[in-house]
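When a ligand or atom number is given, it counts from 1 through the structure's own listing order.
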Amino acid sequence: MKQNNKKTICVHAGQKQDEYKGINTPIYTSTSYGYLDTEDRFYPRYFNIPNQRVLIEKLAQLEHAENGLIYSSGMAAISTTLLSLLNSGDHIIFQKGLYGGTVNFVFLDFERFGISYTILPDNEPETMIAAIQENTRIIYVETPSNPILSIVDLKMVSDICKSRNIISVIDNTFASPFNQNPIDFGIDIVLHSATKYISGHSDISAGAVLSSNEMIDRIHETSLNFGGTLNALMCHLLERSLKTLAVRLTQHNENAQVLADWLDANSKIKKVYFPGLKSHPGHEIARNQMMGFGGMLTFDIGGIDSFQFQKNLQLIKPSMSLGGVESTICSPALTSHRHLSDEQRKLDGITDNMLRLSVGIEEVDDLIRDLEQALG
Ligand SMILES: *Cc1c(COP(=O)(O)O)cnc(C)c1O
């Protein structure tokens, strides 16, 4: 696995000097800025106010991108990006196994805008190539995927796209910028729900897109009209969150590996989905393209009552969302993927007794003890 040397970037990159020599970037709350004697036109919805720029500078360095935009939610980043780049009559390919909110967006809104799409039945290169049409503009992937942590080969995706003039897009939320940098493998656009690991404390809703200057300019134009901007106070909190991204993720990675091994060895557990397990079908690819396997794992508790199991937990909180310092657990069938039909869930390999664990940074022995007592 590759070395990860992002700690200094997390702490320092992008920081703006305060005129009083304060250590932190000041918070610039203005929504009105002078315009005489300057070419600058600062305004929050133009995505250019100082605290947004500081945050983008840090995120762009972490993702090896030239530029980026910060939004008020992950879905604002995803929908604005896709609708900036797709026109009526265009076609887009989605990998198998997507975040539920993205699937909802596609099912509900794409037809109205005259955008056609293919959701792949599997993520093999031949299947991806066979789905390409003359009007295909984008191939969109999410690896590791939610909730079954399947892995897609990023180099393979970017090779397929580059030779055909297709834009490659990834939702990199589960890996976080600490564990995976898709631009290194030739992926064009990286999306994040910053609500998750980038925030890390379950208290901010935000999203981001990172890419080349040219691509960001295109997305920026539509972003102004859709208006999903983030205010200076939240940008400040996210800058603060990112300072500890490296230490948080190091601990998330470590704890998740220990828990995955423990669950995998437990006879009461039917199946464990975690890319750090040698038995995971995407393990080798994950080793090559990730710097850590992440803090998310999913397991199937077979015949055990999943509702009762969650009620039995004392430390791990049954709750929605993920990526916080605290461990949380949820049933994807009842939360993130509840709007999908039974058939679609089956296609995505999501069972009713599947639980998705967002492993926190607590003492790992305490987490094991909690799982053990809840299993009975
Ligand atoms: C949460 C999530 C999103 C959506 O982000 P919001 O901040 O909730 O809008 C998108 N993709 C993935 C993988 C997510 O986990």
Side-chain angles (χ1 to χ4, degrees), residues 55 59 63 68-83 94-109 119 123 138 140-152 154 169-180 182 187 189-210 223 226-231 234-235 237-238 241-242 249 252 256 273 275 290 293-298 319-324 328-340 348 350 354-359:
L55 186 55
L59 276 172
E63 278 291 13
L69 296 161
I70 186 88
Y71 299 87
S72 52
S73 72
M75 282 312 300
I78 293 169
S79 58
T80 306
T81 297
L82 293 183
L83 294 180
F94 290 97
Q95 76 159 54
K96 175 188 171 166
L98 290 171
Y99 173 67
T102 308
V103 177
N104 278 341
F105 167 48
V106 172
F107 283 179
L108 197 72
D109 292 318
I119 298 182
N123 296 324
I138 294 176
Y140 183 107
V141 298
E142 201 184 304
T143 176
S145 74
N146 181 8
I148 62 163
L149 289 311
S150 62
I151 301 291
V152 174
L154 294 174
V169 179
I170 181 174
D171 180 338
N172 202 28
T173 300
F174 264 39
S176 90
F178 183 73
N179 282 327
Q180 181 170 268
I187 298 291
I189 298 178
V190 177
L191 295 164
H192 280 286
S193 167
T195 313
K196 316 297 167 55
Y197 286 110
I198 291 175
S199 149
H201 296 74
S202 309
D203 57 2
I204 300 169
S205 166
V209 54
L210 290 312
S223 300
F226 285 11
T229 187
L230 194 71
N231 69 55
M234 286 300 144
C235 289
L237 284 177
L238 278 176
S241 290
L242 278 174
L249 264 295
H252 283 298
Y273 302 80
M290 301 182 79
F293 297 114
M296 298 302 301
L297 67 85
T298 293
S319 58
M320 293 176 9
S321 202
L322 61 110
T328 58
I329 194 163
C330 74
S331 152
L334 297 180
T335 59
S336 57
H337 292 69
R338 74 183 180 285
H339 293 305
L340 305 190
D348 286 348
I350 300 166
M354 195 173 254
L355 291 169
R356 190 192 73 190
L357 179 58
S358 172
V359 182

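- Remark: Y273 pairs with no residue by the ring-ring contact (aromatic ring centres under 6.0 Å, His included) rule, at least two apart or across chains.
- Checking side-chain atoms of N146 against main-chain N and O of Y99 turns up no donor-acceptor pair under 3.5 Å.
- Within 4.0 Å of ligand 1, heavy atoms belong to protein residues S73, G74, M75, I78, Y99, E142, D171, T173, F174, S193, T195, K196, A206, L322.
- For F178 and H252, the ring centers sit 6.0 Å or farther from each other.
- Applying the salt bridge (Lys or Arg N to Asp or Glu O under 4.0 Å) test to D109 and every residue at least two apart in sequence or in another chain returns R112.
- Residues meeting the ring-ring contact (aromatic ring centres under 6.0 Å, His included) test with Y140, sequence neighbours left out: F94.
- In the model, S145 has a side-chain atom that pairs as donor or acceptor with a side-chain atom of S150 under 3.5 Å.
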